[in-house]
Student: 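One structure coming up, written as structure tokens, with questions to follow.
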Amino acid sequence: MLTTHLLLTTARTKLINNKTSGKPFLGKAYIMGMVFGKISVETPKYTVVKSCDGYEIREYPPAVAAEITYDPSEFKDNRDGGFTVLAKYIGVFGKPENQKPEKIAMTAPVITKEGEKIAMTAPVVTKEEGGENKKTVTMQFLLPEVYKKAEDAPRPTDERVVIKEEGGRKYGVVTFSGTAAESVVSEKVKKLRSDLERDGFKITGDYVLARYNPPWTLPPFKTNEVMIPVE
């Protein structure tokens, strides 16, 4: 987990040209902004359809995403292990791992969702010890708005990365600060689902988690969102 945190920090750190030395350095003001929750990268546009008690209904326009689905065991049980693969695709750590190659700007948030692991040749759910369903994780980077269609984005050289078009989406969204621990997220999902059902919204799928900040942002200033799709 620490390794992933360091990688995420690197990915979200901006290099600013030092005019006197000609060498890049970490801008102190930029870093302090990140520490206190400033979000300086592109974020998705949306329209607030309705503001409710404790949550919003939002509509998002179509977007293009880079996505990877994996079993955390592939990354030593690190649930955020897919971050490194996506970061390499856009060129965070050096030469981009895409066919052009072309660097792609980092955006926020990083989106994750869970799913059951199912064998490809039969509808059989793989079980973990203890009888619980073994979960896969899907992680997405929404690509900058300049990429309007999947074919506009550079093709990944890592076959685990999929470029896909997301159609227009409508979500019930609750925003919260602090660290998005599993127990916290679970409670937010439970409450949001209950609120949506109470207010007559039809839920159409599972929740996604959106995280906007690097790990070194102070927890009270972090921005996280639980998003549940609705009609």
Side-chain angles (χ1 to χ4, degrees), residues 1-15 24 39-44 60 62-122 124-126 128 133-167 169 180 182 205-216 224 227:
M1 186 63 72
L2 177 59
T3 300
T4 300
H5 283 181
L6 291 173
L7 293 173
L8 183 54
T9 298
T10 301
R12 297 290 182 81
T13 300
K14 185 179 184 181
L15 292 178
I39 300 166
S40 300
V41 296
E42 182 179 318
T43 58
Y60 287 82
V64 177
E67 177 179 287
I68 179 173
T69 298
Y70 54 95
D71 184 331
S73 65
E74 299 172 32
F75 299 97
K76 298 180 180 179
D77 290 326
N78 182 353
R79 300 175 65 80
D80 289 334
F83 179 90
T84 306
V85 180
L86 294 178
K88 287 180 178 179
Y89 163 70
I90 67 173
V92 168
F93 306 119
K95 182 179 178 181
E97 293 191 359
N98 60 63
Q99 291 187 352
K100 285 195 174 181
E102 175 180 302
K103 278 189 175 289
I104 301 171
M106 186 72 188
T107 65
V110 173
I111 296 173
T112 51
K113 54 187 176 180
E114 293 186 346
E116 294 181 350
K117 185 177 181 181
I118 302 176
M120 294 184 66
T121 55
V124 179
V125 179
T126 303
E128 292 181 330
N133 291 335
K134 190 172 187 179
K135 298 288 186 179
T136 59
V137 174
T138 297
M139 180 175 285
Q140 283 186 340
F141 285 5
L142 294 177
L143 299 186
E145 192 178 9
V146 65
Y147 300 103
K148 303 297 185 183
K149 297 182 180 180
E151 56 263 33
D152 295 337
R155 187 174 178 180
T157 54
D158 189 325
E159 62 182 13
R160 294 173 294 178
V161 178
V162 176
I163 306 302
K164 62 181 294 187
E165 294 177 12
E166 295 278 5
R169 296 141 289 157
E182 286 186 55
D206 293 328
Y207 81 93
V208 298
L209 173 65
R211 292 173 290 175
Y212 287 80
N213 308 97
W216 63 351
N224 311 295
M227 311 171 69

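Everything numeric here is computed off the predicted structure, so don't read it as measured data. All values below were derived from every heavy atom in this structure, side-chain atoms included, with hydrogens, water molecules and symmetry-related copies excluded.
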Student: Who passes ring pair (Phe, Tyr, Trp, His ring centres under 6.0 Å) against Tyr207, sequence neighbours left out?
Tutor: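 Ring pair (Phe, Tyr, Trp, His ring centres under 6.0 Å) check on Tyr207 returns nothing, list empty.
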Student: What closest approach, in Å, do Ile68 and Gly82 show between heavy atoms, and which atom pair accounts for it?
Tutor: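 That closest heavy-atom pairing would be CG2-O, 3.9 Å.
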Student: Any heavy-atom pair between the side chains of Val137 and Pro72 that's under 4.5 Å?
Tutor: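 Yes; the side chains approach each other to less than 4.5 Å.
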Student: Just verifying a value: how many Å separate Thr84 OG1 and Phe93 CZ, rounded to the nearest 0.5 Å?
Tutor: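 Output value for this atom pair is 5.5 Å.
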Student: Between Lys135 (side chain only) and Asp71 (backbone N and O only), is there a donor and an acceptor less than 3.5 Å apart?
Tutor: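 No; judged by distance alone, with no hydrogens or angles, the pair does not exist.
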Student: For the pair Lys148 (side chain) and Glu145 (backbone), establish whether a donor and an acceptor sit closer than 3.5 Å, ignoring hydrogens and angles.
Tutor: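 It does hold such a pair.
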Student: Are Glu166 and Ile111 close enough that some pair of their side-chain heavy atoms sits under 4.5 Å apart?
Tutor: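 Answer no - side chains too far apart.
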Student: How close do Ile39 and Ala108 get, heavy atom to heavy atom, and via which atoms?
Tutor: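 For Ile39 and Ala108, the tightest heavy-atom pair comes out as CG2-CB, 4.3 Å.
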Student: Do Asp152 and Val64 make a side-chain contact, defined as non-hydrogen atoms from C-beta onward lying under 4.5 Å apart?
Tutor: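 No. Closest side-chain heavy atoms not under 4.5 Å.
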Student: Any donor and acceptor pair, going by atom type alone, linking the side chain of Thr107 with main-chain N or O of Leu142 inside 3.5 Å?
Tutor: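 Judged by distance alone, yes, a pair lies under 3.5 Å.
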Student: How far does CE of Met106 sit from CG of Leu86, to the nearest 0.5 angstrom?
Tutor: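 One gets 8.5 Å once the value is rounded to the nearest 0.5 Å.
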Student: Could you check whether any side-chain N or O of Thr157 sits under 3.5 Å from a backbone N or O of Glu97, counting only pairs where one atom can act as donor and the other as acceptor?
Tutor: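 The answer is yes, because a donor-acceptor pair under 3.5 Å joins these two groups.
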Student: Mark yes when over 12 heavy atoms from residues, nucleotides or ligands other than Asp206 sit less than 6.0 Å from its CG; otherwise mark no.
Tutor: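 Check fails, neighbour count at 12 or below.
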Student: In sequence, state the C-alpha distance, the side-chain angles, and the governing distance for Val110 and Phe141, and then conclude on side-chain contact (heavy atoms from CB on, under 4.5 Å).
Tutor: CA-CA 6 Å; Val110 173; Phe141 285 5; 3.8 Å; yes
Student: Taking the side chain as everything from C-beta on, heavy atoms only, tell me whether Asp158 gets closer than 4.5 Å to Lys88.
Tutor: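 No, their side chains stay 4.5 Å or more apart.
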Student: Where is the tightest heavy-atom contact between Pro154 and Ile163, given as atom of each residue plus distance?
Tutor: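 Shortest heavy-atom separation between Pro154 and Ile163 comes out as O-CG1, 4.2 Å.
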Student: Looking at Arg169 and Gly167, would you say the former's side chain and the latter's main chain have a donor-acceptor pair under 3.5 Å?
Tutor: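 Present.
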Student: Looking only at heavy atoms, what is the nearest atom pair of Tyr89 and Pro96, with distance?
Tutor: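 In this case the closest contact between Tyr89 and Pro96 is O-CB, 3.7 Å.
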Student: Starting at CG of Asn98, measure out to CD1 of Ile104 and round the result to the nearest 0.5 Å.
Tutor: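 Interatomic distance, Asn98 CG to Ile104 CD1, rounded to 0.5 Å: 5.5 Å.
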Student: Kindly give the heavy-atom pair with the smallest separation between Lys95 and Pro101, and that separation in Å.
Tutor: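 Lys95 and Pro101 have their closest heavy atoms at CE-CG, 3.7 Å.
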Student: What's the spacing between Leu209 CG and Met139 CE if we round to 0.5 Å?
Tutor: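 Spacing of CG (Leu209) from CE (Met139) equals 9.0 Å.
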Student: Drop me the distance from Leu143's CG to Glu165's CD, to the nearest 0.5 angstrom.
Tutor: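 It comes to 11.0 Å.
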Student: Mind checking whether Asn224 and Tyr212 have side chains closer than 4.5 Å, heavy atoms only?
Tutor: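 Contact flag for Asn224/Tyr212 side chains = no.
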Student: What is the minimum heavy-atom distance between Arg211 and Asp80, and which atoms define it?
Tutor: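 Nearest pair, atom of Arg211 first, then Asp80: NH2-OD1, 2.9 Å.
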